[in-house]
Structure formats: C-alpha cells, structure tokens
Student: 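Encoded as structure tokens, here's the structure I'll be asking about.
Treat the numbers as computed from the prediction; the structure is a model and nothing was measured. Throughout, protein chains are lettered first and strands after them, A, B, ... in sequence-line order, and every chain is numbered starting at 1.
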Amino acid sequence: MAETEHHPSNFIRQIIDKDLAAGVHDSIKTRFPPEPNGFLHIGHAKSICLNFGIARDYQGSCNLRFDDTNPAKEDIEYVNSIKEDVHWLGFDWNGEACYSSDYFERLHGYALELIDKGLAYVDFSSQETMRELRGTLTEPGKNSPYRDTDAATNRAEFEKMTAGEYAEGQCSLRAKIDMTSPFMCMRDPVIYRVKFAHHHQTGDKWCVYPMYDFTHCISDAIEGITHSLCTLEFQDNRRLYDWVIENISIECTPKQYEFSRLNLEYTVLSKRRLIQLVEENHVNGWDDPRMPTIAGLRRRGYTPASVREFCKRIGVTKMDNMVEMGMLEACIRDDLNVNAPRAMAVLEPVKLVIENYPAGESEQLKAPNHPNDESMGNRTIPFSGEVWIEAEDFREEANKKFKRLVLGKEVRLRNAYVVKAERVEKDAEGNITTIFCTYDAETLGKDPADGRKVKGVIHWVDAKAADKAEFRLYDRLFNVPNPAAEENFVDAINPESLVVKSGFVEPGLSENPAAGGWQFERTGYFCLDKDSSDSVKVFNQTVGLRDSWAKIAD
RNA sequence: UGGGGUAUAGCCAAGUUGGUAAGGCAGCGGGUUUUGAUCCCGCCAUCCGUAGGUUCGAGUCCUGCUACCCCAGCCA
C-alpha cells in the first residue's frame, strides 16, 4: 500500500502502513489546513498532494480546513482563491469545507474545562512582563503572579474576557504547564487573546480568539483526523499539541508528523514575502506568471498534472532542501511535450521574400499538430511569397555550426519548402529589413531530388495571413538562488524577469487547447493570456525548449 | 552539555531485521530527426558529514566530534 503505481512511498506513508497493520486505525483521515491570509503557492501544493494523495491511495478522506483563528490577517478573498486552487490541482475535499471557527464554541468549552481543572489561568501581565518572565533559550522562566489564581476566579475572569469587559492586551488565558520547560512553547503558552476584530466567518460574535496551538489539535480531534501533517517548524509544538489533547475530555487522539517545507531556487515561498511583492507592486498581482503561486503557475501555463508530478518527484522527507528550478521546468516540459499541439510563431520578425514564387499566389500547406503523435491530426497553414522569419535565424555569414539561413545557402522552412538566401536589403542604420530568397518548388514534403543535404530547419509565418501577437518571456524573478537569505530580498529582484516581444503567430490560434498551450516550434511552450484583445493576442511563455545550441553558441 | 531536528553525487531522493550504494533532475558521449526539441543508447558515489569502535562484513549498530535548520508572537 505504501507504494502505489501513482506515488512513491515516504516516511509518512510508512508510518501509516505500520498503523494500519497494527490496527491503530481502520481508515486514514488527513486534512489540509491553510490560514486564509494569502494565496496558495507551490509549497502548499506539496502539502496538498501529500494530504489528498494519502487520502486517495488509502481510501481515506481529506478535509479542507481553514485555520482562521486570527481575523486581523484573514480575508474571504483568500478562502475563495484557496478553494479554487485546490480544485484546479485536481483534488476535492471531504464534504463541506471546514473552518476552525466552526469550533469556537467547543474550543471555548475546552478552555473552561482546563480552567476548572486548574490547568489554565487568566494572566493580567503585560506582554513585556510575560516576555521577561518567559526566560531565554538557556535560562528557565519564572511563574507569573497570576499563576495560582483559583479556578473559580479564573472562570469568572475568562467569562469577563469573553464578554468584552477587558481591552486587547489587558489579559490573556494561559495554559498552566511548566515555566522551566526546555520547550519554549510549554512555558505557559497563551491559548486565548482578546481581539475586537470582525471575523470573515463569525462576524462580531467573538472578541476572544483561540491561538493556533490550542485550536489545531482540538480541530483535528473533532474531525477525527488520524495523521496531522505539518512542516518542520512545528516539531516543538507537537509537545503542546499532545498536552492539550491529553488534558481535555476528547476521545480522538490524532498524531502530528512533520515534514520539511519546500524551498525553490530563485524565488521566495513565504507568505510574508509574497504579500510584499504584491503590495509593493514588484509583480502584477498574485497571479503574475512570475509568481510561485498556484494562480501564477496556472496563468504561466503550468498544468495541474505537471505540478502534481513535481510534488511526486521532490518527495517528502525531514531534510532541509533547496530544489532547483530545473526540476519544475522538466515536469512541465514532459507534460507539454506529449500533450501540446505544435504551432509556429515568430517572436522577432524579419521579412523574407521569395522572388520566384508566383506573384500574388498563396497556398494551404498541411502540417502535423504533433510530430510524434498522428492521432493529434493535421492543420492547414497558409503560405505565400512573403513570410516572417526569426531575425536570429539569419546571418549574412556564419560558420558551419550555424544550421540556419545564411546568404547564399539553403534552409528548410518548417512544413514548407527549401529556400536559398540571395541578397538582403538594409535600412539607413544597416539593419536588415528584407531577405530575398528563391525557393525550390520540388521540395514540399520531400528532400531535394538531386540529393543536396539541407540540414537547417527554421520556423516562419505567412506575412499576409499571420495574426499580430505579443509574447511575454519570463526569466527567474530573482538574481540569487536564495533571495530569502538576502538582507533585503527585493533588492535581488531580476529587473529583466519580464521581456515583451512583438511578432506574429500562425492564424487559427484562439482557445487554449485542453493541455494548456501550444509548443511554438523551436521557441518554447506558450499559452494564451487573458490580456489578449481582438487586435493583439498575448502569449505567455510557459517554459522554453531545452536548448543545447545555446551552450555551443557561446 | 538549553531543547527539538537533519546529515547519501551539482540538486531532489531510495536504502526498514547489518551482506557489499535505486530512481529522477542536471551534466557528458553517441544514434535517429523537416523542431539545435522529442525519442533511443551509453557514462556519471570503491562510497554514504567526520573520527574511532563492534563485526567475517556497517550508509545501516555503538561512542566522540562537526555542520546546518527550528524554538524566547497575546502569528500560524
């Protein structure tokens, strides 16, 4: 069961296998618990694939639970985007979406239970005092003067807190554990604080909100979660997680397991930094194609399957990691290579005129939609005596390594004829404006009859029939592999992360194909962007083709 | 001697009772090719942070050391 045909095993699946074998559980239940305070990113995709993937492979279930205990930072806009992104990734949660706020009433009851057991107290110490009494990493803390308040008084004070009789910061409810614990989170952690904030789910019903550590474990238990999976920074918190479950009256005892969060080179994956990129307009919103958000990847042209494949390839361990961007790119290339129909587009056009082509004539050429998959069929593309070709595909002179069009030499126009460059026309600045060629009318769909070898093949689009297009080419958002380690990460932003080109595409490219986009032969994978208009189509480059020529070139 | 974690190739990562280092990405070499793409073939850790120890035999067990990550929010 650990290793299905879809997913390699990992240490968490091995734990589940043992639990199932030992009869600890009959079925498995997981949850994906985002706080709705930002958009989901590729790091969340790792957690989503882990939690939903386990639920699927073990015939269990996975809840979507919004961990909404801090109304000051959260917004309904985020809960909606999170639902959309989880669905887009191809997963569906068990029943209705859950919210930690669904349990506020019960959470409040458990807090009362702890108070009655003498395991929680209302502390009127200031935050500064609390910090001083907490001690340091190497020195134990000291008890608060409110620590020994009797249960009845604590209950009354907590009721007053709940009734709004105390101001924010005036007091808090603390679990009474151990001020000398080597685990800082066990030194009488705050479990409830006063906050007069409007909540996106509960409105103005509450003015006290439970803290994460108190809420998460109980929410897991209420939902019957068997394996609560989170990232490494919560390892110490597991002691508090278990303490709360042990000290309240609840049957279910979920277990927390931690795995390492994803780090991706040349980008940032922390909510705080992503929010800053958006708010300071370093990017054009959460779905900017350069963003590592699910929305950004989607707009960039990544497919759900490619993101899932990426999550499968990187695995799940407890090791700190920094995954190369090339790993993600390989996943989308593998997907699009087999699924994306081919088309032709010229990003930086220069005019090519075929002087011996019948004046005023044109024809419809047949081109396969995929060179290795006949089932994808053919399309017709218009051809005439005037076409656009890529400026970089022509040189007046070049060495034999340059297998493209050179003055006096021949090259194959992809899906069309062999042409020979005869002369060029330049403007006042010396820029080539037109390349004049002759073509061999006998080379359509076959090699030259006399056995001449034509090695080069270049792409083109018919000048009269082509559609005007804007191409947005993206590069890494940052110039350094680990921008988060910089003094100020925004200083490491790559100023050339977006390059816009104006050119042409073959006619007929309107809707994105099912796979997500096209491969513009010899240039890369592209998808149609929502910024397209009737007069200009806008394409985002999802990823370029592997380019071994670039290495040889220089 | 605060505590909690992690150390296997450039990157990710298998390796579960000790038996002689999977796979993927990247890279390199070759073949096919009307995409310098794809595809195909081959190569790429005498070695598992380090120093010792146990053993016929250790990435796996023991001891010491080192490096890196996390914890002192009324954030999650």
Student: Please list each protein N or O that sits under 3.5 Å from an N or O in nucleotides 21-29 of chain B, with the distance.
Tutor:
{"from": "B:G27", "atom 1": "OP1", "to": "A:Lys551", "atom 2": "NZ", "distance (Å)": "2.6"}

Student: Return no unless some side-chain N or O of A:Arg193 is found under 4.0 Å from OP1 or OP2 of B:C75.
Tutor: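 Checking A:Arg193 against B:C75: at least one side-chain N or O falls below 4.0 Å of OP1 or OP2.
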Student: Assess the residue pair A:His227 and A:Tyr257 against the criterion (ring-ring contact (aromatic ring centres under 6.0 Å, His included)); give the C-alpha distance rounded to whole Å, side-chain angles, the decisive distance to 0.1 Å, and a yes or no.
Tutor: CA-CA 7 Å; A:His227 300 262; A:Tyr257 298 95; 5.7 Å; yes
Student: Give the nucleotide from the list B:U16, B:A76, B:G36 with an atom nearest to the side chain of A:Phe402.
Tutor: B:G36
Student: Under the rule for ring-ring contact (aromatic ring centres under 6.0 Å, His included), what residues qualify as partners of A:Tyr146, not counting sequence neighbours?
Tutor: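 A:Tyr146: ring-ring contact (aromatic ring centres under 6.0 Å, His included) contacts with A:Phe124.
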Student: When you check the phosphate oxygens OP1 and OP2 of B:G15, does a side-chain N or O of A:Gln14 lie under 4.0 Å from one of them?
Tutor: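 For A:Gln14, the contact criterion (side-chain N or O under 4.0 Å from OP1 or OP2 of B:G15) is met.
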Student: Grab the NE2-P distance between A:His7 and B:A13 for me, whole Å please.
Tutor: 16 Å
Student: Within the side chain of A:Lys366, is there an N or O that forms a donor-acceptor pair under 3.5 Å with the backbone of A:Ile381?
Tutor: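 No, because the side chain of A:Lys366 does not come within donor-acceptor range (under 3.5 Å) of the backbone of A:Ile381.
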Student: For A:Gln519, answer base if it contacts any base atom (sugar-phosphate contacts may also be present), sugar-phosphate if it contacts only those atoms, and nothing otherwise; contact means non-hydrogen atoms under 4.0 Å.
Tutor: base
Student: Between B:U8, B:C12, B:C74, which nucleotide gets closest to the side-chain atoms of A:Met130?
Tutor: B:C74
Student: For a quick check under 3.5 Å, do A:Ser81 and A:Asp85 share a side-chain donor-acceptor pair by atom type?
Tutor: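 Checked: A:Ser81/A:Asp85 side chains show no N/O donor-acceptor pair below 3.5 Å.
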Student: Using a 4.0 Å heavy-atom cut-off, does A:Arg174 contact any base of the nucleic acid, only the sugar-phosphate backbone, or nothing at all?
Tutor: nothing
Student: Is it possible for you to check whether A:Arg65 lies under 6.0 Å from the centre of the six-membered ring of A:Phe32, through NZ or CZ, and within 45° of that ring's axis?
Tutor: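 No, cation not above the ring by the 6.0 Å, 45° rule.
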Student: Take A:Asn415 and A:Phe183, find for each the nucleotide of RNA chain B with the closest heavy atom, and name the residue whose nucleotide sits nearer the 5' end.
Tutor: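 It is A:Phe183 whose nearest nucleotide is closer to the 5' end.
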Student: Look at the rings of A:Phe520 and A:Trp518 and say which category their plane angle falls in: under 30° parallel, 30 to 60° tilted, over 60° perpendicular.
Tutor: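 Parallel, since the angle between the ring planes stays under 30°.
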Student: Now, which nucleotide makes the Watson-Crick or G-U wobble pair with B:U55, with each of the two distances under 3.5 Å?
Tutor: none
Student: Using a 4.0 Å heavy-atom cut-off, does A:Lys446 contact any base of the nucleic acid, only the sugar-phosphate backbone, or nothing at all?
Tutor: base
Student: Determine, answering yes or no, if A:Tyr212 is stacked on B:A76 under the 5.5 Å centre rule and the 30° plane rule.
Tutor: no
Student: If we check side chain to side chain donor-acceptor pair (under 3.5 Å) with A:Arg452, which of these qualifies: A:Asp447, A:Thr443, A:Asp440?
Tutor: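 By the side chain to side chain donor-acceptor pair (under 3.5 Å) criterion, A:Arg452 pairs with just one of A:Asp447, A:Thr443, A:Asp440: A:Asp440.
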Student: Can you find a side chain N or O atom of A:Lys195 that sits less than 4.0 Å from OP1 or OP2 on B:C75?
Tutor: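 Yes, because at least one side-chain N or O of A:Lys195 sits under 4.0 Å from OP1 or OP2 of B:C75.
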Student: Using O4'-C1'-N9-C4 for purines and O4'-C1'-N1-C2 for pyrimidines, with syn meaning within 90° of 0, is B:G52 syn or anti?
Tutor: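 In terms of base orientation relative to the sugar, B:G52 is anti.
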Student: Expressed as a whole number of Å, how far does the P atom of B:C44 sit from that of B:G53?
Tutor: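 Nearest-Å result for B:C44 against B:G53 at atom P: 32 Å.
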Student: Base, sugar-phosphate, or nothing for A:Thr443, non-hydrogen atoms under 4.0 angstrom?
Tutor: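 Base contact.
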Student: Considering only side-chain heavy atoms of A:Pro182, which listed nucleotide, B:G5, B:A76, B:G2, is closest?
Tutor: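 Closest nucleotide among those given: B:G2.
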Student: Tell me what A:Ser260 touches on the nucleic acid: a base, only sugar-phosphate, or nothing, going by heavy atoms under 4.0 Å.
Tutor: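 Answer is nothing: A:Ser260 stays at 4.0 Å or more from every strand.
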Student: Within the pair A:Arg238 and B:G5, is there a side-chain N or O less than 4.0 Å away from OP1 or OP2?
Tutor: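 Yes.
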Student: Could you work out which one of B:A13, B:U35, B:G5 sits closest to the side chain of A:Lys318?
Tutor: B:G5
Student: Nearest nucleotide by nearest heavy atom, which residue falls closer to the 5' end of RNA chain B, A:Leu137 or A:Pro34?
Tutor: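 Result of the comparison: A:Leu137.
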Student: So do the side chains of A:Leu545 and A:Thr523 get within less than 4.5 Å of each other, counting heavy atoms only?
Tutor: no
Student: Please state the P separation for the pair B:G4 and B:U63 - nearest whole angstrom.
Tutor: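 So the two P atoms sit 15 Å from each other.
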Student: Sticking with atom C1', work out how far B:U17 lies from B:G2, rounded to a whole angstrom.
Tutor: 36 Å
